[in-house]
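Heads up, the thing below is written out as structure tokens.
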Amino acid sequence: MKYWLMKSEPTVFSFDDLKGRPGSTDSWEGVRNYQARNYMRDEMKAGDLVLFYHSNCEVPGVAGIAEVVRTAYPDHTSWNPVSMYYDPKSTPQNPRWFMVDVRWKEAFNRYVTLTDMRSRPELMKMKVLQKGQRLSVQPVSEEEFDTVCRMGRGLEGG
DNA sequence: GCCAACGTTGGC
DNA sequence: GCCAACGTTGGC
């Protein structure tokens, strides 16, 4: 099993929005970066766990855990001219972009802010904390995942 | 709103 | 294939 961090702007699609979807499940559409796409398309599997990260907001941080429930399939918004994610180079015959389905799993007792994570030496190598990185889909080590979960569940101070 | 850090585009 | 210009991300 692998662990991931996925970013979403809460004003566009929040962790609570995911919970409110039918079956608390939705497709992760709109990824338009090749490295992020490759992670989703080539490495994500059903059962993988995801830190749901709120980006570009007043207090960025991890709201809770989601689970991958469907492996990658073509992102149909990419060939929809009306979609904000439209890419004329992607077609149903030759899709360029992919998405997975994720299901809401667990809300943290405490929202784990970016500042909280920066205070943890064991998270020093976590990608989301590295300067200049902006991948919206990132692999997370098991230790990093467990640490963030403990922080979010309030089992540790800080 | 600012702006550093990236990624993409396109002329050459 | 280089690289300047441009667009986007996302913390602050």
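Below, chains carry the letters A, B, ... as their sequence lines are ordered, and counting in each starts from 1. Given the structure is predicted, the values throughout are model-derived calculations rather than measurements. Heavy-atom basis, side chains included; hydrogens, waters and symmetry copies ignored.
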Assess the pair Tyr39(A) and Trp4(A): is the distance between their ring centroids shorter than 6.0 Å?
->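 Yes, the ring of Tyr39(A) comes within the 6.0 Å limit of the ring of Trp4(A), centre to centre.
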Does NZ or CZ of Arg37(A) lie under 6.0 Å from the centre of the six-membered ring of Trp97(A), at an angle within 45° of the ring axis?
->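 Verdict for Trp97(A): a cation-pi partner in Arg37(A).
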Is a side-chain N or O of Gln130(A) found less than 3.5 angstrom from the main chain of Lys127(A), in a donor-acceptor match?
->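 Between the backbone of Lys127(A) and the side chain of Gln130(A) there is no qualifying donor-acceptor contact (under 3.5 Å).
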Nucleotide nearest Lys131(A) when distance is taken to its side chain, options dG10(C), dC12(C), dA5(B) =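 Minimum distance to the Lys131(A) side chain belongs to dA5(B).
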Of the nucleotides dT8(B), dG11(C), dT9(C), which has the atom closest to the Tyr34(A) side chain?
->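 When the side chain of Tyr34(A) is considered, dT8(B) is the closest of dT8(B), dG11(C), dT9(C).
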Between [N] ([atom2]) and [X] ([atom1]): distance, integer Å:
X         : N       : atom1 : atom2 : answer
Tyr85(A)  : dT9(C)  : OH    : P     : 9 Å
Arg134(A) : dT9(C)  : CZ    : P     : 8 Å
Trp97(A)  : dG7(B)  : CH2   : C1'   : 10 Å
His54(A)  : dG11(C) : NE2   : P     : 12 Å
Asn56(A)  : dC2(B)  : CG    : C1'   : 13 Å
Leu129(A) : dG10(C) : CG    : C1'   : 14 Å
Gln133(A) : dG7(B)  : CD    : P     : 10 Å
Gln35(A)  : dT9(C)  : CD    : P     : 15 Å

Would one find a side-chain N or O of Tyr53(A) under 4.0 angstrom from OP1 or OP2 of dT9(C)?
->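 No, Tyr53(A) has no side-chain N/O under 4.0 Å of OP1/OP2 on dT9(C).
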Looking at Phe108(A), Trp104(A), Trp28(A), which hits ring pair (Phe, Tyr, Trp, His ring centres under 6.0 Å) with Phe52(A)?
->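 By the ring pair (Phe, Tyr, Trp, His ring centres under 6.0 Å) criterion, Phe52(A) pairs with just one of Phe108(A), Trp104(A), Trp28(A): Trp28(A).
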Hey, which of these two, Lys89(A) or Gly132(A), hits DNA chain B nearer its 5' end, going by closest nucleotide?
->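 The residue mapped nearer the 5' terminus is Gly132(A).
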